[in-house]
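Below is one structure, written out as structure tokens; the observations come after it.
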Amino acid sequence: MKIDGRCHCGYITYEADIDPDNNLICHCTDCQTLSGSAFRVVTHTREDAFRLLSGKLKIYVKTSESGNKRPQSFCPECGTPIYATSVGAGPKVYAIRVGSIRQRDQIVPLAQVWSRSAQLWVTHVGSMRKFEKHPQIDQTGKVTLT
Ligand SMILES: [Zn+2]
Ligand SMILES: [Zn+2]
């Protein structure tokens with residue numbers, strides 16, 4: 001499947017070929033911190049199936065619990081995460097951050113990994129109250145749900 005993506009500000013644009021059935025949710029604590037969210041959704045492709053069309057990615061090399069080094073690419077202007085890969089010789093796999101992909105509605109995760117650090121409320125998301133748009137937040141930061 002051919003996909004294309006961009007960061008939030010539009011400085012970074014790319015396209016890639018992916019297998020649409022090769023996507024994961026990652027609940028690891030590094031993904032929680034680096035995404036600023038509860039979990040991350042990624043799809044995987046080969047280095048040579050990813051084409052950066054514009055911009056220059058900034059790289060942050062994170063060291064995992066096991067000592068593994070994982071370069072994290074993101075937009076230097078707006079901070080949108082684009083992909084992570086490995087260090088050293090190729091061929092490399094790129095774990096593309098699904099939120100930056102235009103066709104993300106077609107990329108459905110097949111499994112959840114690092115579930116031991118998943119936030120416990122994640123399984124209840126489907127039964128939480130829903131609002132079509134963002135509700136009111138007052139000047140004290142209190143969310144009002146009406
Ligand atoms: Zn950007
Ligand atoms: Zn992770």
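We count residues from 1, following the sequence as given. Being a predicted model, the structure only gives us computed values, none of them experimental. Indexing begins at 1, ligand by ligand and atom by atom, following the structure's order.
At least one N, O or S atom of C78, from either the backbone or the side chain, sits less than 2.8 Å from the Zn ion (ligand 1).
Under the 4.5 Å side-chain heavy-atom criterion for Ile, Leu, Val, Met, Phe, Trp and Tyr, F39 and Y83 are members of the same hydrophobic cluster. In this structure, I25 is a member of the same hydrophobic cluster as W121, with clusters built from ILVMFWY side-chain heavy atoms closer than 4.5 Å.
Draw a line from the Zn ion (ligand 1) to SG of C7 and another to SG of C9, and the angle between them is 100° (to 10°).
Taking both residues in full, the closest heavy atoms of V98 and V42 are given as CG2-C, 3.6 Å, listed atom of the first, atom of the second, then distance. Across all non-hydrogen atoms, the minimal contact from T144 to P135 is O-CB, 3.7 Å.
Only protein N, O or S atoms were scored, and 3 of them lie under 2.8 Å from the Zn ion (ligand 2).
Under a 4.0 Å N-O distance rule, the pair D4/R51 does not qualify as a salt bridge. Ion pair E77/R6 not flagged as a salt bridge, since none of the NZ, NE, NH1 or NH2 atoms sits closer than 4.0 Å to an Asp/Glu carboxylate oxygen.
Aromatic rings from Y60 and F74 are positioned such that their centres are separated by 6.0 Å or more.
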